[in-house]
Each structure stands twice: as C-alpha cells, then as structure tokens.
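Just below is one structure, and these are the notes that go with it.
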Amino acid sequence: MMEPRYDPHGVEERWQQTWEEEGLYRAGAGARTSATYVICVPPPNVTGELHMGHALNGAIQDTLVRWHRMRGFDTLWQPGYDHAGIATQNVVERQLLAEGTSRRELGREAFVSRTWGWLEQTGRTIMGQFRRLGCSLDYSRERFTMDDAYIDAVMTFFVRLWEQGWIYRANRIVNWCPYHQTAISDLEVDHEEVDDVLTHARYPFADGGGSITIATVRPATMLADVAVAVHPDDPRYRDAVGQEVVVPVAGRRVPVIADARVDPAFGTGALKVTPGHDPLDFEIGRDHGLPVLTVIGPDGRVTAPGFEGLEQRDVDERVLAWLKEHDQLEKRENYRHAVGTCARCHSRIEPLVSPQWWCRMDELGLPAIEALRADRVRFHPSSQHRFAIESLETAPDWCVSRQLWWGHQIPIWTCPDGHLTCAWPPPAACAECGSSELERDPDVLDTWFSSALWPFATLGWPQQTPELERYYPGNVSVTAREIIRLWENRMIFAGLFLLGDVPFTDVIITSTVMAVDGRRMSKSLGTGIDPLEAVAKHGADATRYGLLKMSSQQDPRFSWDKLEEGQKLANKLWNVARLILQHRGGAKPELAPQALEEIWILRRIDETRAEVEELLPRFDFAHLVESLYHLVFDDFCDWYAEAIKPRLNASDTAAAGTALAALERLLALLHPVMPHVTEEIWAQFHDSRLMVSPWPEPLAELDGAAAAEALRRAQDAAAIFRRSGVAPALEGDARRIFAAVVKPERVKANGDVEAERARLRQEVARAEAMLANERFVQGAPAAVVAAERDKLERYRRELEAIGG
RNA sequence: GGGCGCAUAGCUCAGCGGGAGAGCGCUCGCUUCACACGCGAGAGGUCCCUGGUUCGAUCCCAGGUGCGCCCACCA
C-alpha cells in the first residue's frame, strides 16, 4: 500500500483539494475555543505572480495559522488582491502601446473597462499558486481592493480625514513620472547610479566684472534659474551675496543669496537655484520668496519660449553651445551619481511643481507612534521596530493623489463657483451653494491609501458586521522590509484612527531571499527562481521546509540543498511510518509506554513540543525546522525505531500501540510545517483529519530519569564503539537498546582502541586540570563547575569500560 | 551621507563566555528484512585582523578590514 519512496506529487494536490472541499480552509474550521487568530495576507498585485518572497511569506503565515488551528483557535487567514494602481495601469498601457494605441486615445471610461476585462481573463492567479503551496487561506472570502464594498471603505476613510481637516491641496514640487504622467511618492522612487556630466558654467555679475561659477548636470534648467545660492559662511563668496548675476541664455538678472543648505564642498560651492525643477531649490526659493519658473512640461519636454517641444538633451546641447560661444563654459567633467527613477517604468523622475492632494501626518501618526512605543504592536526583528517608529516620527505629509485612471477616484467635487464638496456617497449638490453642477476631481488615490484599510475593509468596515466584531483586531502581519512605511505603518495609524485599535500585535519582517549567487532575484537579470518550479521538483512540504530553514538569515541565498533536506525529511517520515504501520497488526494507538526507549522517545517528543511552543511565538522558524529534523532522524528513527524493531518483528501489540501513539504526536508537531506528508500518513490509520486534530497536550508525569540515563549510556557506548571498535560493558536496558541499535555483530567498526583511550585520557586530564584551578572553581558559576565534575566522572567511567 | 546587519569546515549556514557544530559536497565500506531521498566509518577549521575585559574569549568591548541590505533632494 505504501511505496518505499515518498512521492509528494499527486499526494499534495489531492490533499489541497480535499481540505478545501471539506471546508477546512474556512475561517473557524476546527475551532474548539472562541479565541481568534487572524492574519491578512499582504494582498498581492492583481496582476502578480508568485515569487520567492510570496512563498516564504506564505510558508511563515501558514505555519502560524495551522499551528493555531490545531490549538483550537478560530483562525482566519484572509486572502485577496490589490488593484495596484500604477502597476496595473502600466501593464495595460504597455499592451495598448503594442497595439499602436494609447489610453488617451481610448478615453478614461474605455480604459478602465478594458483593465477590468483584462483582469477577468488573466489577473488573480496568485491565490491558485498559494493553494499549490498548501496555504490554508479561506479562499471563499477572497477580497479585492476595488470591490464595491471596499470602495465604500476607501471613500469613507478619505471623507473622515477631510472632516478632520487633514486633507489639503497644495502646489508643491513632486516626483513626476513623465511616462505615466503622474505624481509618485518618494517611496515609489528608486535610485539608480548613472554616468552623467557635470557642467561648470560662469554666471557674470550684472554690475562690474567677474563671475560666479556654478555646476549642474542639467544645463537646460538654467532657463528656469531664479537665483544663485552660496553657503553663508563661504569666504569665497562673501562679497557676492546681495549682488546680481545674469543667467546665461535667458539673460535674466537674478540675486546671489546665502543659504545654509548649500554644500560648500560640492562643485564650486555655488548653486543655481531652480525652484521649478529641483526639490532642494524649491525649498530654498520658497524660503527666500523667489518665484517659481517652469520650463519643462508634464511630458518631460521643454516648454520655455524658443525651445517649445524640444527634448531636454537637445536644449542641453543648445545651452552648452551658447555657453561656449560666450566663453562662459568653464569645464565639463564626468560625474557618476544616483538619480531618481520611477519604480515601475524606470523613467528618470522629473521634479515638477503641480497641484496635489495631501494628507497631514502630524496628528494622524501620533497614536501609532504611541502604540509602537508601548509595544502594542511589535516589529520583529526589534531593529525594525525602531525603524518603524522613526519612520512615523519623520513621516512627511502624504501625497495621496495620483494622475492615473486606474484606482479609487477622489471623492471631491467642484461646483462652477469653485466650492469644494467632499462626500460619500456622491453628493447631489454643492455643500456650500447648492449647485447641482458638480464635477468630480479626476485624480485617483495612491494605491497604498486603500491598502491601509486591508485588515478591516476585508471584514466589511465601515459596516458593523459580525465578522468585523469577531476578527478585528487581528494578530500578525508578515511582510518585507521595504514595505514597512508604505503599508505596515499606514495600517496601524488607519486602524487606530478609524477603529480605535491596532490591527495586529506583531509584524514579522521577513528576510529577502537572494539568488544562489547572492544577487537579487530578478526576472530581468534571469536570477529569479519560480517557487512553483521548486514545488514541482521537491514538493510543497519540502519547499516550505527549505524556505523556513533559510528564513533566519538577514538576506539568505536560495539553497536547493535545504529543499532537498526537507524532501529527505518527508521521505524519512514516510518510511518510518511504513515500518510502524506494517507491523501494527490489530494495535490501536495507545499511550502506555513500558520499555525505557518508549518512555524516552515520548519525552523527547514532548520536549520538542515544548520547544515548538517556545519557538513559534518568537517566530523562530529556522530553529523550529532544525529541531524537528533532528527529532525525526536522530531520535525517532536512529534510536527509537531501531530499538523497538525486534519487538515489532515479533508482533508485539503493546510496542506497536505505543509506536502509533508516538507517531501521532510526531506527525502533529510536523504538520504546521509539512502539512501534506503528515496528513497522508495520518490518513493511513485515521478517519479524521490531522489538520484539525488537537495539538498535543503536555505529557502527564512520566518518570523519565531512568529512561534518559539508559539511553544516554547506550548512546555514549555507541560513540565509543564507533571510534574504538570495542563495545563497552553495559547492563539491562542500556545493553538491550545498544544491541538492537548498533548491532555490533554486523557493524565492523574500523576504530582504534588505543586512540580512543588516549582521547579519553586527554579529556580526563583536561577536566582534572580545570577542577584543580581554584580560580575556576571559585569564579565560575556553580552549575558550570558541577557540569565539569560530571564530565570528569563520565570520561573516567568510559575509559574504564574499554579497559583504559 | 544616515541606519541595520554579516564575516565559523570546500559550499550554505547554526552556535555565541568554560569540550569547534549541522546540512550538502568529498573519501572509504555496505543493496542489513522502513528508507540507497538509506546505513556505517572518515578526512576537512590560526571560528576575518589588532588590541582590551576575564581565572578562561569563536562568543563581551574598542578599533581596523571586507561584504550585504534598507533609507537619503548633494546640485
């Protein structure tokens, strides 16, 4: 009935289907208490596919969820998708480009409709991939951030913020993506190193001779210069401050000003001030009351008179030619620096001044800062906790508007008189003058604005649903480092603002799984590994095991070895179960250990149970799987199974019954990590499902001292036998177990008695020397000294046993 | 530029004040009646460097070197 080699293929898919059909993935399945355990999956982009980060994330969450389900909690693991504003729009826009059209040609309504249509066909595939990992999400509760009910939540959030007076519109310099033609937040900007050229240009003084030399990588922006700034303490320019210089090409007279934000060490120490096209210059200009000139349009092309419609680099050339002609070009030098690019399309970011909607962060963030300081939410590892607090403390106001078409349109309407009405559902008339001619703001919200509501909008908020009552607040959020400020912090302050409570108590920041060579996993680099490929090779259980084993390191390299280790563990488990089940006869699982090795293994399993209960709340998954691995291989298979084999072969029903009981507990411990193989074995001798079986209770008092001593003697003897070829003299159970496990008559140890005696003599001498050292005996902790005495005794005894 | 972290066996990594460990790889021997995805035996290490604290340091502290990640408006 059971093959000698465990093949996860087919088995895993079968259980995934069975579990879901039997409703065991549903929230509350198997619950035996009213206590809840809730995790919301970080909603993947609706266009997304499973990558290694998702797989690790899923393995962690599922391990926690399955463990709590077995412990009787009412668990909810909430699945769903994010509409992912700019990311999704980007994909559809590229399709249109390939078809020779564009979203503008299509028009907004048709574009949005097309995006929906495309999603129906090809979107939302990733939950199917989570299924293949065995993730026990409640797939019947899938939510999407653009569901009608979810839209209500998003609009309500915005209106509440508006009512607080925290939403305002301001004309500021923002990161502008010329490809998508929208503002994006600082957090959506990547920095990429590029080779550039730094141009040094002379700006002559308007009165009298001389000039100031500035340095720039963007000569075209000279057309929008409104000042030259120097550091107030810079002796080189003390006399220049207050004078005027003439901007090249433009011929404009602009002041030389002093500002401490200028770095005297960079370039020439003199900065051309271009408030319209540089964030720092914008601030300096604002503080000095300078005008904002704009010479670049939303499409990235130049708009300055005489240069309309030209590419910036063409204007750069013209400006350079002008400088050369007028002998104002001092030099050009190669310069490597980081420039901002759009995280989606990698276009170079254009800092542009544009009207955007902002959300004030000062008051909104405060309760979240307090909650984190009071550890009402804890980030793991703790270094990330400090980072989260700092991020909230220094959070600038949140630019919530985007000039996109795919997303949640902002609920603000304008009447012909320019009054603003912010309301949801859509108002019939202007709140101020009653006009019914309302025009809705065309902008949509930042995609993270809706993500911030995920832990409760998925439960029906703003409606007071039973689910919301029952499952909010939740417990854990599992996510990647780079998303702390974008998402985790925002869920926390949104939850506190709207529901008065934090959405979860713990945030696990997972490590980033790197490629085998240590580089980042990336599709474009070809370094990515598809988790489904790993599952196809080694199975979902092994993939989960391997990922958890890697999870402790900060940036682990993906390692196929660890997956193979997991696969071997599954196979080992399968085979030792086969051994026990083959000899079970009519035995039923019965927890009535008699032989010392039975008491010993049950205690070892129970020790590991306690260890699991200590490690999982600390989210230490790597040590968890390591501990399980050694329990199975070293203790259960190498010692216990070998020790009872003679009795199993003799059809000893009591031995078989105890073995079944021990196997049950072992399977339960492994189930959260390796659900499929454990469920498959469980089904060989149960009608129930392991998945919803109770987590093992601590074992009642078993006098394990004699068992532990016998096993230790047998194990020590085995080590000596392997090294020396001489089996030390043993008595009673220790002797029996040693004989069953080590089989001296069969194993030809190629050891060397003399070498082993020498080794033991050396150990004895070392221990004796330490115990003779008064400073050690007095200075070291008593337990350490006692341990040393024990060792000395043991080495002496072992030495004697092999005739030393 | 700021923050966080890492340097231990050929590889990937545990350990972190008192005997240097695991998995894989390698060598040798076993198709032994659960498992060759196995069993047994072995080789392989100035625990990055320099100081300090300590009876004792791979482990704690300081400095150095080399990496990695996150964040950041040096034109």
Side-chain angles (χ1 to χ4, degrees), chain A residues 2-7 173 175 186-187 189 191 198 214-218 221 229 261-263 265-268 270-274 278-283 335 337-338 340 349 351 381 383-384 386-387 390-391 480-482 484-485 511-512 514 516 518 520 538 542 549-550 552-562 564-583 622-623 626 629-630 637-638 641-642 645 648-649 722-723 725 742-743 746-751 762-763 766-767 770 773-781 784-785 787-788 791 795:
Chain A
M2 291 172 80
E3 295 297 317
R5 177 181 292 194
Y6 174 65
D7 182 2
I173 195 152
N175 303 300
D186 291 347
L187 303 175
V189 175
H191 291 86
L198 194 59
I214 58 85
T216 181
V217 291
R218 303 180 63 191
T221 61
R261 284 165 287 195
V262 177
D263 176 4
F266 184 88
T268 63
L271 167 74
K272 69 192 253 324
V273 181
T274 322
D278 182 276
L280 173 64
D281 296 10
F282 182 83
E283 283 179 28
Y335 177 55
H337 66 142
I349 289 302
S383 57
Q384 301 301 334
R386 291 193 296 277
F387 174 72
E390 278 168 32
S391 303
R481 255 195 311 277
E482 60 267 24
I484 291 174
R485 303 194 300 178
S511 39
T512 309
M514 310 300 277
V516 177
R520 219 178 165 74
H538 301 287
K549 185 98 192 239
M550 293 172 220
S552 66
Q553 302 148 48
Q554 174 133 340
D555 294 300
R557 296 173 179 216
F558 184 83
S559 153
W560 288 104
D561 287 353
K562 301 221 171 14
E564 282 168 24
E565 194 178 311
Q567 192 177 350
K568 285 179 181 180
L569 176 58
N571 187 58
K572 193 72 173 171
L573 207 54
W574 175 255
N575 275 295
V576 78
R578 208 159 70 99
L579 168 72
I580 294 169
L581 290 168
Q582 274 172 359
H583 293 94
H623 287 111
E626 187 180 15
Y629 181 92
H630 289 294
C637 293
D638 286 358
E642 292 298 335
K645 211 186 268 182
L648 289 180
N649 284 329
R722 279 167 194 150
R723 284 196 293 260
V742 181
K743 304 183 187 81
R746 223 184 262 165
V747 177
K748 279 177 290 180
N750 58 357
Q762 206 178 332
E763 293 290 357
R766 189 193 54 77
M770 270 188 91
N773 179 351
E774 273 178 43
R775 290 208 264 195
F776 166 68
V777 176
Q778 279 156 23
V784 173
V785 178
E788 204 57 39
K791 277 189 232 164
Y795 292 138

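Excluded from the calculations below are hydrogen atoms, water molecules and symmetry mates; all remaining heavy atoms, backbone and side chain alike, are included. Fair warning: this is a prediction, and the values are worked out from it, not measured in the lab. Residue numbering restarts at 1 for every chain, and letters A, B, ... go by the order of the sequence lines.
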Measuring only the P atom in each nucleotide, how far is A22(B) from A9(B)? A whole number of Å is fine.
13 Å
Between Arg481(A) and Asp555(A) (salt bridge meaning N to carboxylate O under 4.0 Å), is one present in this structure?
yes
Could you tell me whether Ser552(A) contacts a base, only the sugar-phosphate backbone, or nothing, with contacts defined as non-hydrogen atoms closer than 4.0 Å?
sugar-phosphate
Could you work out which one of C55(B), U12(B), A34(B) sits closest to the side chain of Lys562(A)?
U12(B)
For Lys645(A), answer base if it contacts any base atom (sugar-phosphate contacts may also be present), sugar-phosphate if it contacts only those atoms, and nothing otherwise; contact means non-hydrogen atoms under 4.0 Å.
base
Show the distances under 3.5 angstrom between N or O atoms of the protein and N or O atoms of nucleotides 56-58 of chain B.
none

So Tyr335(A) and Phe266(A), would you call those rings parallel, tilted or perpendicular, with 30° and 60° as cut-offs?
perpendicular
What distance, rounded to whole Å, do you find between the two P atoms, one in U8(B) and one in C59(B)?
13 Å
C1' atoms of C49(B) and C67(B), separation to the nearest Å
15 Å
Considering only the C1' atoms, how many Å lie between G21(B) and U58(B), rounded to the nearest integer?
12 Å
Are OP1 or OP2 of G15(B) and a side-chain N or O of His623(A) less than 4.0 angstrom apart?
yes
Determine the Euclidean distance between corresponding P atoms of C33(B) and G15(B); express it in Å to zero decimal places.
39 Å
For the C1' atoms, the ones on A14(B) and on C6(B), what distance do you get once it is rounded to whole angstrom?
14 Å
From CD of Gln384(A) over to C1' of G3(B), roughly how many Å is that when rounded to an integer?
10 Å
Checking all strands, does Gln762(A) fall into the base, sugar-phosphate, or nothing category for heavy-atom contacts under 4.0 angstrom?
nothing
With a 4.0 Å cut-off on heavy atoms, is Arg261(A) in touch with a base, just the backbone sugar-phosphate, or nothing at all?
nothing
Across the strands shown, which category fits Glu390(A) at heavy-atom distances under 4.0 angstrom: base, sugar-phosphate, nothing?
nothing
Under 4.0 angstrom, heavy atoms only, what part of the nucleic acid is Lys272(A) near: base, sugar-phosphate, or nothing?
nothing
For the pair made of OH in Tyr335(A) and P in A75(B), what is the distance, rounded to whole Å?
4 Å
More 5' along RNA chain B: Glu763(A) or Ser559(A), using each one's nearest nucleotide?
Ser559(A)
Between Arg557(A) and U12(B), is there a side-chain N or O to OP1/OP2 distance below 4.0 Å?
yes
Is Tyr6(A) close enough to A34(B) that one of its side-chain N or O atoms is under 4.0 Å from OP1 or OP2 there?
no
The side chain of Asp638(A) lies closest to which of these nucleotides: C74(B), C39(B), C73(B)?
C39(B)
Is the phosphate of C39(B) approached by Lys572(A) (side-chain N or O, under 4.0 Å from OP1 or OP2)?
yes
Nearest-angstrom distance from the residue atom CG of Asp7(A) to C1' of C37(B)
11 Å
For Leu569(A) and G23(B), what is the distance between atoms CG and P respectively, to the nearest whole Å?
13 Å
Expressed as a whole number of angstroms, how long is the span from Asp561(A):CG to C37(B):C1'?
13 Å
Between the protein and nucleotides 46-48 of chain B, which nitrogen or oxygen pairs are less than 3.5 angstrom apart?
none

Under 4.0 Å from OP1 or OP2 of C24(B): is there any side-chain N or O of Lys568(A) that close?
yes
Can a salt bridge be assigned to the pair Arg766(A) and Glu788(A) using a cut-off of 4.0 Å between side-chain N and carboxylate O?
yes
Mind checking Phe558(A) for me? I need base, sugar-phosphate or nothing, with any heavy atom below 4.0 Å counting as a touch.
nothing
Looking at the base of A22(B), is there any donor atom on it, or on the side chain of Glu565(A), that sits under 3.5 Å from an acceptor on the other one?
no
Using the C1' atom as the reference point in each nucleotide, state the distance between U27(B) and G44(B) in Å, no decimals.
11 Å
From NE2 of His191(A) over to P of A75(B), roughly how many Å is that when rounded to an integer?
9 Å
Side-chain N,O (Arg481(A)) to OP1/OP2 (G68(B)) below 4.0 Å
no
In B/S/- notation, 5' to 3', how is nucleotides 5-10 of chain B contacted by protein heavy atoms closer than 4.0 Å?
S-----
From C-beta outward on Arg5(A), which listed nucleotide comes closest to its side chain: A34(B), C39(B), A36(B)?
A36(B)
Between C71(B) and G64(B), how far apart are the C1' atoms? Round to whole Å, please.
26 Å
Reckon Asp555(A) touches a base, only the sugar-phosphate, or nothing at all at heavy-atom distances under 4.0 Å?
sugar-phosphate
Between Lys568(A) and Glu565(A), is the closest basic N to carboxylate O distance under 4.0 Å?
no
Rounded to whole angstrom units, what separation is found between the CE atom of Met514(A) and the P atom of C11(B)?
19 Å
Rounded interatomic separation in angstrom, taking CD from Glu564(A) and C1' from U12(B):
12 Å
Taking 4.0 Å as the cut-off, does a side-chain nitrogen or oxygen of Arg485(A) come that near to OP1 or OP2 on A72(B)?
yes
